[in-house]
Amino acid sequence: MHLLLPTLLCLSSLLSTTSSLATAPGYGVSQNTSDPLGRLKCMDSSSCTRDPVRKVVDCSFTLRNQTRNINGTPRTMQLVNGQFPGPCIQAVLGDRINVHVVNSPSTSRHSSQNVSLHWHGLPLKGSEIYDGTPLTQCPLRQNSSMTYHFPAGTAGTHMWHSHYKLSLLDGVWGPLVVHDNNDPYLADYDEERIISVTDFANETAVSQFAHWKQFESAYYYHDNPPFDHKYDPYPGGWWIPGPDNGGQGQYYNWTYGIDGALIGVIPWVGGLINGKTHNTSNPEVIQVESGKTYRFRVISPSAFYPLEFSIDGHRFDVIAADGSSLARTGPYDYLNIHGGERYDILVNATGKPNERFWIRARTQELDRPWHQVLAILSYGNAKTTPLPKLSLYKGNVTGTRYVNCFHDIGPDCIPASQLVTHPSQAVAVPEPNIDVNLHLKFIHGPLINGIRQAEPHTPPIFSNGSLTLPGVWQCSSNTTYSGCSNIFGCNCTQVVSLEYNQQVRLTLDNLWPTTPTGVTGVHPFHLHGHKFAVLGQGYNGPYSGQPLNQINPSWRDDLIIPAGGWAVLQFTADNPGAWMGHCHMEHHLNDGMSLIFSEALDRLSGLKPPSDFPYCRDWDTTSYEGTLASEPTYAANSADF
Ligand SMILES: *[C@@H]1O[C@H](CO)[C@@H](O)[C@H](O)[C@H]1NC(C)=O
Ligand SMILES: *[C@@H]1O[C@H](CO)[C@@H](O)[C@H](O)[C@H]1NC(C)=O
Ligand SMILES: *[C@@H]1O[C@H](CO)[C@@H](O)[C@H](O)[C@H]1NC(C)=O
Ligand SMILES: *[C@@H]1O[C@H](CO)[C@@H](O)[C@H](O)[C@H]1NC(C)=O
Ligand SMILES: *[C@@H]1O[C@H](CO)[C@@H](O)[C@H](O)[C@H]1NC(C)=O
Ligand SMILES: *[C@@H]1O[C@H](CO)[C@@H](O)[C@H](O)[C@H]1NC(C)=O
Ligand SMILES: *[C@@H]1O[C@H](CO)[C@@H](O)[C@H](O)[C@H]1NC(C)=O
Ligand SMILES: *[C@@H]1O[C@H](CO)[C@@H](O)[C@H](O)[C@H]1NC(C)=O
Ligand SMILES: *[C@@H]1O[C@H](CO)[C@@H](O)[C@H](O)[C@H]1NC(C)=O
Ligand SMILES: *[C@@H]1O[C@H](CO)[C@@H](O)[C@H](O)[C@H]1NC(C)=O
Ligand SMILES: *[C@@H]1O[C@H](CO)[C@@H](O)[C@H](O)[C@H]1NC(C)=O
Ligand SMILES: *[C@@H]1O[C@H](CO)[C@@H](O)[C@H](O)[C@H]1NC(C)=O
Ligand SMILES: [Cu+2]
């Protein structure tokens, strides 16, 4: 850290502010190539330390509410160690990681603000109880603590974030990088940086979700007469309740991408790159040196909007996705990235000393070119060179190439399914033992197979060998439920039961048919506990027997299911546990677009929560200390939940 400060201070004086420097220690600065943590220095020693002898990373996270003005509007955030983005965790493949979490220590009573942390990209084999979802733990309440223990078992660029409701949107996320001394690209770059790109709203997670529910209910009532025709025209948008038009609210027109795919269902408020926006006097600056090659680890914790990443004047190669190394297929001009995805890219710093360029993350909405967030790629310690003129587009030159398109924009785009594993790591995929079809659809709410997931009331991983869900209707993907004509979707808990070591093939389609353009929006599908092979992906219509790549597919844990299209994925059920599969758009996930993979739970019979696991019984505000002091009870079918 001490090495980094002078550089940062120079840059900040250039930008005439120092106010938020303390909030993001080490993002994109300084190098030491002989360090086992690689050429990335993003970990601050006050949050995490690594013991190279024991190969253990220890982190201390304390969550507190703080008011921050990130984008021009002060708002309440829930921050780890006062940092936004949250602390960066770095480890070497094979390390153990311990994260000690304290939720809002306090001396006075507050309403409870829960949290639970998920290690996005790490399958947690043998540490399945630390996945941080409602399937593995009750939420960590305010003024209590627990420690997560898990192996750094999967190399690459990952992230950690809260999996309690939408609290990721309050700022509870950060990068997690696992270095691999056998990474096939180690010799091909000089330095590394983290670049996170995300949307960002000016109100709390709770209030954002309340707005989402308001939109949704306006949409529902619009579709179900009698309704007030002030909500017209329809389709093509929805009515946003609010103070506009004398308290009547306003009509919001949905926005679309170039081939008609739906993008802006809720209004864009703004975006951030490494927690900063160009709309303030303190944009993010990524400092580089002419002639070097950089590995940028691009991470998206986006809540709703997919983004198109690019750097003016530079092209790049894509070398890893969700941590897995890929064969080179570049150069590319634009990389699309959606919630939960990570892409590692190589960029040659071909600019001249003192030049500066815009780094962009854009929404791709037609007619909304200002819906973008910018950072600066700065050569050396440039202070005097004027910034390039702020154009709305990077530009469209002949031969422009895109990767990972959300929808069909033609031959200039390489879909994620055409990215293949690096030849040194390719493995063939056998025929499946079980087929699971997942139909993603939005009918007055986000559904999988017509089901709007009802959350279990207990963490099912502790149900002693076979999944039982007291108090909810447990249903399966393969059945059509006659009682589910409900326009909001079937209100049950969808479970896919898997036996140990089954080859599980997932066929997903995404065919919400009712937008004016006939094309739906995308959903980024995230699977816990596994990496899946991407056997195929297509843009037009459902899967209908197209050839699949079982030879050298890429391995992901998060993938966009194209708008109006499909994806075929496969994984091995070799990780007993209760794992979520879900859309990573936070509003969709929290509105029921998720399901449970109950995987070889017989191998976990007798599993008990550690003594520091959060208590499950409902929060009792009248006997605050007394309730907390009681023993947690995670036994199956217990009335305590
Ligand atoms: C780089 O890191 C290594 C290992 O931590 C340390 O021994 C060495 O002194 C560092 N070198 C520089 C130039 O900081
Ligand atoms: C919070 O926890 C600490 C330590 O367990 C305890 O001393 C304190 O009284 C608690 N605060 C409240 C408001 O319960
Ligand atoms: C933190 O902020 C949330 C709103 O985002 C609120 O519900 C909660 O009570 C706050 N907690 C504390 C300790 O102030
Ligand atoms: C919204 O769409 C309607 C037609 O569908 C159009 O009349 C109106 O001008 C649009 N409003 C905006 C702000 O684009
Ligand atoms: C937050 O953003 C929305 C959308 O841009 C805007 O309507 C609202 O006025 C903003 N709120 C505040 C307090 O700035
Ligand atoms: C970067 O430079 C290397 C060496 O000249 C070259 O092989 C590679 O193709 C370049 N990458 C891009 C994205 O242009
Ligand atoms: C933010 O930047 C965009 C350009 O991307 C610009 O159009 C917009 O006016 C800026 N907003 C503010 C509040 O400065
Ligand atoms: C880029 O330009 C080509 C040819 O002018 C055009 O067909 C294409 O739609 C443009 N792409 C974008 C994203 O504007
Ligand atoms: C669903 O049923 C089909 C046809 O009977 C079968 O092939 C498939 O494996 C079943 N899937 C699940 C998840 O049970
Ligand atoms: C858990 O299951 C095992 C057998 O699978 C049984 O022997 C044991 O009694 C069960 N424990 C509880 C608490 O039900
Ligand atoms: C779904 O069912 C649960 C009980 O199983 C109930 O608490 C909840 O209100 C229901 N939700 C809807 C939308 O019907
Ligand atoms: C925190 O979690 C407990 C247990 O699930 C629940 O009763 C309480 O309502 C939650 N609090 C908030 C603010 O969500
Ligand atoms: Cu979704």
Participant: When you measure from the side chain of T136 to the backbone of T133, do you find a donor-acceptor pair of N or O atoms at a distance under 3.5 Å?
Facilitator: yes
Participant: Which heavy atom of S594 sits nearest a heavy atom of I448, and at what distance?
Facilitator: N-CD1, 3.6 Å
Participant: Pairing donors with acceptors under 3.5 angstrom, does anything connect the side chains of Q364 and H371?
Facilitator: no
Participant: Any chance CD of E499 has more than 12 other-residue heavy atoms, nucleotides or ligands included, within less than 6.0 Å?
Facilitator: no
Participant: Are the side chain of D412 and the backbone of R401 linked by a donor-acceptor contact shorter than 3.5 Å?
Facilitator: no
Participant: Keeping S196 on the side-chain end and S300 on the backbone end, is there a donor-acceptor pair under 3.5 Å?
Facilitator: no
Participant: Which is it for N71 and N202 under the side-chain hydrogen bond (donor to acceptor under 3.5 Å, both in side chains) test, yes or no, and what are the steps along the way?
Facilitator: CA-CA 7 Å; N71 65 348; N202 59 14; 5.8 Å; no
Participant: I'd like to check the side chain to side chain contact (heavy atoms under 4.5 Å, CB included) partners of A321; sequence neighbours left out, ordered by chain and number.
Facilitator: L326, Y343, R556
Participant: List the steps and the verdict of side-chain hydrogen bond (donor to acceptor under 3.5 Å, both in side chains) for E341 and N404.
Facilitator: CA-CA 11 Å; E341 291 189 297; N404 191 33; 3.2 Å; yes
Participant: Going by side chain to side chain contact (heavy atoms under 4.5 Å, CB included), name the residues that satisfy it together with S417, two or more places apart in sequence or in a different chain.
Facilitator: P415, V534, Q537
Participant: Are a donor atom and an acceptor atom from the side chains of E431 and Q550 found within less than 3.5 Å of each other?
Facilitator: yes
Participant: Testing the basics here: between H407 and I263, what is the closest heavy-atom pair and its distance to 0.1 Å?
Facilitator: NE2-CD1, 4.3 Å
Participant: Does the Lys NZ or Arg CZ of R360 fall within the cation-pi geometry relative to F309 - under 6.0 Å from the ring centre and within 45° of the axis?
Facilitator: no
Participant: Just to verify, what does C405 make a disulfide bond (SG atoms under 2.5 Å apart) with, not counting sequence neighbours?
Facilitator: C413
Participant: Rounded to the nearest 0.5 Å, how far apart are CG of L601 and CD of E599?
Facilitator: 8.5 Å
Participant: For this output row, return yes or no: ring centroids of H161 and H584 closer than 6.0 angstrom.
Facilitator: yes
Participant: Could you work out, with side chain to side chain contact (heavy atoms under 4.5 Å, CB included) as the rule, every residue matching N501, not counting sequence neighbours?
Facilitator: T572, D574
Participant: For the CG atom of L595 and the CD1 atom of I451, what is their distance to the nearest 0.5 Å?
Facilitator: 8.5 Å
Participant: Report the C-alpha separation of K531 and S324 in whole Å, then their side-chain angles, then the decisive distance to 0.1 Å, and conclude whether the side-chain hydrogen bond (donor to acceptor under 3.5 Å, both in side chains) test is met.
Facilitator: CA-CA 9 Å; K531 282 198 175 193; S324 301; 2.5 Å; yes
Participant: In sequence, state the C-alpha distance, the side-chain angles, and the governing distance for C490 and C475, and then conclude on disulfide (SG to SG under 2.5 Å).
Facilitator: CA-CA 9 Å; C490 189; C475 53; 5.2 Å; no
Participant: Give a yes or no on whether the backbone of N437 and the side-chain of N449 come within a donor-acceptor separation of less than 3.5 Å.
Facilitator: yes
Participant: Please check if any side-chain donor atom of R342 sits under 3.5 Å from a side-chain acceptor atom of T157, or the reverse.
Facilitator: no
Participant: Can you name the residues that form a ring pair (Phe, Tyr, Trp, His ring centres under 6.0 Å) with H338, not counting sequence neighbours?
Facilitator: none
Participant: Just say parallel, tilted or perpendicular for the rings of F209 and H587, cut-offs at 30° and 60°.
Facilitator: tilted
Participant: Start with the C-alpha distance between F571 and L506, add both sets of side-chain angles, then the distance that settles side chain to side chain contact (heavy atoms under 4.5 Å, CB included), and finish with yes or no.
Facilitator: CA-CA 8 Å; F571 67 95; L506 303 179; 4.0 Å; yes
Participant: Do any N or O atoms from the side chain of N552 and from the backbone of A426 form a donor-acceptor pair under 3.5 angstrom?
Facilitator: no
Participant: Near I551 CD1, under 6.0 Å, is it more than 12 heavy atoms from other residues, nucleotides or ligands?
Facilitator: no
Participant: Which word best sums up how the rings of H211 and F215 line up, parallel for under 30°, tilted for 30 to 60°, or perpendicular for over 60°?
Facilitator: parallel
Participant: The criterion is side chain to side chain contact (heavy atoms under 4.5 Å, CB included); which residues satisfy it with P446, sequence neighbours excluded?
Facilitator: E216, F442, R452, H588, D591, M593
Participant: Is the ring pair H163/H118 parallel, tilted or perpendicular, if the boundaries are 30 and 60 degrees?
Facilitator: perpendicular
Participant: Roughly how far, to the nearest 0.5 Å, is CG of D199 from CH2 of W268?
Facilitator: 6.0 Å
Participant: So how far is it from Q78 CD to L169 CG, rounded to the nearest 0.5 Å?
Facilitator: 11.0 Å
